[in-house]
Amino acid sequence: MDLKQLNAFIAIADLRSFSAAATTTGLSQPTLSRLLKQLETDMGVVLVDRYHRPLHLTAAGVFFYDKISAVLTELETITSMTQRLSTPSTVLNIGFVPSVLYGLLPEIIATLKLHNANQNTDLEVNLKDISSYQQVDALKTGEIDVGFGRFAHQDPWIQQILLRHERYVVALPKAHPLAHVGEQRLIDLANNRLILYHQTHLPAHSTTISAEQIQTAQMDSTISESKFKLNNKSNVTNTNLANSVTEPLLYLFAQYGIAPLMTSKVSDLQVALGLVAAGEGITLVPASLQTVRTDQISYQRLVHENVTSPIYLHTLKDFVHPKVPDLLNAIYQVYEKRGITYRQQQFV
Ligand code: BEZ
């Protein structure tokens, strides 16, 4: 078994056609057919059923495809990591989710650059706007060296440091009756339309939940006739309710046993704030967003201390870019300058 045979099998399995696979791989059809046959002979297994069009994988072929594509992806990651080890480390590619750009990211980059200038070392920083999920692949392929996001990743190749928890604030239209209430409670917000904007959901929790709790949690994108549901019977019930909710903003409400009366879902944070500005509803955003559209939006604190959004720094486990320790120091320097509470962490 060799890499050429495996790549030929993957191309045929992906495209279900020898001719399409020949076009994408640049190999002739007889060559692809020979490579596949050699692989099957080596293994003593038929992987592709050639008598149907489009081609079908046999049950053994489906199993082999799933496992071997994961191995080939790992091989690519290892190759790209090895190549990076021999390239100069003066370029640092940073991926970020948009919500961190409104906060401290520019100041952190400026601090890092100043440190490098003082040390007389070269540094070129490239910033790339990449969603939390895409950061995992971007780290593996080498598109980015470090990523800032708001979700922890469960991936054997990725490690992360929790930098801090940032408090959420409520964004209300300026004309809203609560717009001047300095400290808001979630319960007082629950009969407004809540605008949801996260594209990434929290991992489902394992707690067993009842059908009624699922129904309460599934108010996404619907206008309910009923009044919002407040469930303060017991903390246990509230925990169960929260565990059934994976939409990040609904989860914050569900922690207090609350399901908002109405929700709308939009594609991103900017659109959500645009709708708030237009008087279409309210939303919750990390505190660093409260400089956006201040003519039309009033941002108010929440009384609840645990209504927060984490900020993570992600890197590959086996390859930490040599400039990452400087980046981490720059972050902590900015936190100290601004009096932000944090717990210093290091990669192990
Ligand atoms: C922060 O706001 O804590 C932060 C933002 C961007 C990168 C790192 C940290």
Side-chain angles (χ1 to χ4, degrees), residues 91-116 123-136 138-139 143-153 158-171 197-200 202 248-249 252 268-270 272-273 283-294 297 299-302 304-317 320-348:
V91 179
L92 182 66
N93 294 307
I94 301 179
F96 64 90
V97 293
S99 69
V100 301
L101 190 61
Y102 295 95
L104 304 179
L105 188 59
E107 193 177 338
I108 289 165
I109 302 303
T111 307
L112 175 69
K113 285 184 174 167
L114 184 63
H115 170 81
N116 272 270
L123 174 66
E124 182 188 327
V125 174
N126 297 316
L127 292 172
K128 301 183 182 192
D129 161 10
I130 308 186
S131 76
S132 270
Y133 272 140
Q134 287 167 339
Q135 284 187 20
V136 173
L139 284 166
E143 188 188 346
I144 59 172
D145 303 300
V146 58
F148 292 112
R150 293 191 181 263
F151 294 95
H153 296 304
I158 305 295
Q159 64 179 341
Q160 51 231 332
I161 281 182
L162 172 63
L163 293 172
R164 68 175 175 120
H165 283 281
E166 185 178 13
R167 281 180 81 153
Y168 271 103
V169 292
V170 55
Y197 53 82
H198 285 94
Q199 300 310 314
T200 310
L202 303 165
L249 294 189
L252 299 174
D268 64 40
L269 195 60
Q270 278 293 350
L273 290 175
T283 194
L284 303 183
V285 291
S288 51
L289 269 288
Q290 58 194 320
T291 50
V292 179
R293 287 182 181 268
T294 46
I297 298 179
Y299 295 93
Q300 302 295 351
R301 275 170 67 90
L302 289 159
H304 320 279
E305 279 185 9
N306 62 341
V307 177
T308 58
S309 172
I311 302 180
Y312 290 98
L313 182 158
H314 309 284
T315 69
L316 285 173
K317 251 187 201 150
V320 177
H321 189 287
K323 293 285 180 193
V324 165
D326 287 349
L327 176 63
L328 203 51
N329 281 336
I331 294 169
Y332 293 148
Q333 222 175 304
V334 170
Y335 286 172
E336 264 157 41
K337 198 162 112 200
R338 291 181 163 250
I340 292 173
T341 314
Y342 69 98
R343 179 132 37 95
Q344 195 150 342
Q345 299 204 35
Q346 296 295 335
F347 289 113
V348 283

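Both counts, for ligands and for their atoms, begin at 1 and track the order of listing. Given the structure is predicted, the values throughout are model-derived calculations rather than measurements.
Separation of atoms CZ (Phe148) and CD (Gln135) is listed at 9.0 Å; rounding is to 0.5 Å. Residue Leu249 holds its CG atom at 4.5 Å from OH of Tyr197, rounded to the nearest 0.5 Å. Rounded to the nearest 0.5 Å, atoms CG (Leu289) and CD (Gln270) are 8.0 Å apart. The structure places NE2 of His314 at 8.5 Å from CD1 of Ile144, a figure rounded to the nearest 0.5 Å. Separating the CD1 atom in Ile311 from the CG atom in Leu104 is a distance of 7.0 Å, to the nearest 0.5 Å. Gln160 CD to Leu139 CG: the interatomic distance, rounded to the nearest 0.5 Å, is 10.0 Å.
The shortest heavy-atom distance from Tyr342 to ligand 1 is not under 4.0 Å.
Near Leu105, meaning under 4.0 Å from one of its heavy atoms, ligand 1 places the atoms 5 (C), 6 (C), 7 (C). When each atom of ligand 1 is checked for a heavy atom of Leu163 under 4.0 Å away, the hits are 8 (C), 9 (C).
Counting heavy atoms closer than 4.0 Å to ligand 1, residue Glu166 contributes nothing at all. Counting heavy atoms closer than 4.0 Å to ligand 1, residue Ile108 contributes side-chain atoms (C-beta onward) but none from N, CA, C or O. Within the 4.0 Å heavy-atom criterion, neither part of Ile340 lies near ligand 1. The residue Phe96 has no part lying near ligand 1, judged by heavy-atom distances below 4.0 Å.
In terms of protein heavy-atom proximity, atom 9 (C) of ligand 1 is closest to Tyr335 OH, 3.5 Å. The protein atom (non-hydrogen) at minimum distance from atom 1 (C) of ligand 1 is Ile311 CD1, 3.3 Å. Among protein heavy atoms, the minimum distance from atom 2 (O) of ligand 1 is reached at Arg164 NH2, 2.8 Å.
Environment of NZ in Lys128: crowded, with over 12 heavy atoms of neighbouring residues, nucleotides or ligands closer than 6.0 Å.
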